[in-house]
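Take a look at the structure set out below.
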Amino acid sequence: MNDRNDPPVRIAAVGDVHMDQDVLGRFRPALEQLAEQADVLLLAGDLTRHGTEAEARCVAQEFGHVGVPVVAVLGNHDYHCDQVDKVVNVLADEGGITVLEGDSTVVETPTCRIGVAGAKGFGGGFAGRCASEFGEPEMKAFVRTTSAVADRLGAALRELDCDLRVALTHYAPVPDTLAGEPPEIYPFLGSYLLGQAIDSAPTALAVHGHAHAGSERGATPGGVRVRNVAHPVIKQAYSVFRLG
Ligand SMILES: [Fe+2]
Ligand SMILES: [Fe+2]
């Protein structure tokens with residue numbers, strides 16, 4: 001466990017890099033220095049434009065083998081071509097990237113075991129202005145999808161055996177980090193159920209993407225620090241968060 005004399009744990013994160021051939025090389029120069037600045041790199045989904053195998057190869061080429069473990073979740077764009085299994089395999093085989101969906105991984109540093117639980121998440125909205133499991137089968141299926149993914153994320157966080165927990169999603173767990181997006185689309189940008197899942201464990205940090213026009217900082221009702229790391233928001237190759 002980190003004590004006060006240990007150096008802080010350093011978490012690098014970026015989302016919504018939307019890779020394709022024309023994006024190759026945009027991030028790599030900054031990533032060459034990553035191992036000096038961070039212990040792990042988190043990718044918060046929308047790694048590709050349309051979720052093709054060819055685009056996944058670009059992700060592996062750009063973000064793979066950067067000298068620290070790379071842990072990712074997929075985003076809605078990565079699902080578009082219905083090739084999720086192929087995308088995940090390319091990221092793992094060619095990039096050495098661990099892709100989470102309702103599960104977790106532990107990254108060992110000399111002083112700390114960093115537990116990362118991840119899930120893409122889904123929409124539904126936030127307290128007082130959210131979809132409910134009522135009415136048409138399609139609406140019930142929509143809300144049940146979010147509910148199920150939030151349940152898996154919460155369980156993955158609670159079951160982690162580590163020193164420091166980080167939650168990684170694509171969709172937002174709180175509305176704070178959506179400020180700047182039109183309020184009408186908040187229900188398609190995230191769900192309070194993800195925030196409840198994060199608050200169900202002693203989580204140190206939650207990062208997400210998806211909201212390109214959102215803002216960077218927020219917190220769950222339980223006080224967990226939430227950061228929107230979508231590339232259009234952070235406007236750099238990655239942000240680094242120091243914890244512990
Ligand atoms: Fe995106
Ligand atoms: Fe997205």
Side-chain angles (χ1 to χ4, degrees), residues 12-24 26-27 41-60 62-63 70-84 87-88 90-91 95 97 99-102 118-126 130-131 142-143 145-146 148-150 152-153 167-195 197-198 206-218 226-239:
V14 63
D16 300 85
V17 294
H18 291 282
M19 290 299 300
D20 200 349
Q21 284 288 339
D22 61 316
V23 186
L24 278 174
R26 180 181 297 172
F27 298 91
L41 172 64
L42 306 182
L43 301 177
D46 278 3
L47 310 180
T48 65
R49 288 216 178 106
H50 302 104
T52 67
E53 217 173 341
E55 291 169 352
R57 282 210 174 83
C58 296
V59 179
E62 193 81 353
F63 289 93
V70 182
V71 181
V73 293
L74 300 186
N76 53 314
H77 279 249
D78 307 317
Y79 275 69
H80 183 66
C81 283
D82 298 322
Q83 297 182 16
V84 168
V87 166
V88 169
V90 167
L91 295 179
I97 297 169
V99 181
L100 301 178
E101 180 47 53
K120 176 177 62 64
F122 203 49
F126 299 91
C130 57
F142 178 73
V143 175
T145 300
T146 308
V149 73
R152 288 197 297 272
L153 176 67
L168 172 63
T169 61
H170 180 59
Y171 285 77
V174 295
D176 315 19
T177 47
L178 304 183
E181 295 279 6
E184 292 85 352
I185 67 167
Y186 276 29
F188 305 105
L189 296 177
S191 165
Y192 75 100
L193 295 172
L194 299 172
I198 290 163
V207 299
H208 73 87
H210 192 44
H212 292 207
S215 49
E216 205 168 342
R217 292 161 176 264
V226 177
R227 294 293 181 265
N228 177 358
V229 295
H231 180 246
V233 171
I234 64 172
K235 297 182 173 63
Q236 55 187 347
Y238 51 83
S239 291

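Every number for a ligand or one of its atoms is a count from 1 in the order of the listing.
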- In Asp16, which N, O or S atom comes closest to the Fe ion (ligand 1)? OD2

- Query: Which class fits the ring pair His231 and Phe27: parallel under 30°, tilted 30 to 60°, perpendicular over 60°?
  - Reply: perpendicular

- Specify whether an N/O/S atom of Tyr171 falls short of 2.8 Å from the Fe ion (ligand 2). no

- Message: Distance check, rounded to the nearest 0.5 Å: Asp22 atom CG versus Arg49 atom CZ?
- Response: 4.0 Å

- Message: Quick check on Phe188: does its CZ atom have over 12 non-hydrogen neighbours (other residues, nucleotides or ligands) under 6.0 Å away?
- Response: no

- Would you indicate whether the side-chain heavy atoms of Lys120 and Asp78 approach each other to under 4.5 Å? no

- Measuring to the Fe ion (ligand 1), does His170 have an N/O/S atom at a distance below 2.8 Å? no

- Min side-chain heavy-atom separation Leu43-Val14 under 4.5 Å: yes

- Note on the structure: Asn76 OD1 to His210 ND1 via the Fe ion (ligand 2), rounded to 10°, gives 100°

- Query: Quick check: does His212 put an N/O/S atom under 2.8 Å from the Fe ion (ligand 2)?
  - Reply: no

- Task: Please name the atom of Asp46, restricted to N, O or S, that is closest to the Fe ion (ligand 1).
- Result: OD2

- Give the atom name of whichever N/O/S atom in His18 sits closest to the Fe ion (ligand 1). NE2

- Query: Among side-chain atoms of His80 and His50, is any donor-acceptor pair under 3.5 angstrom?
  - Reply: no

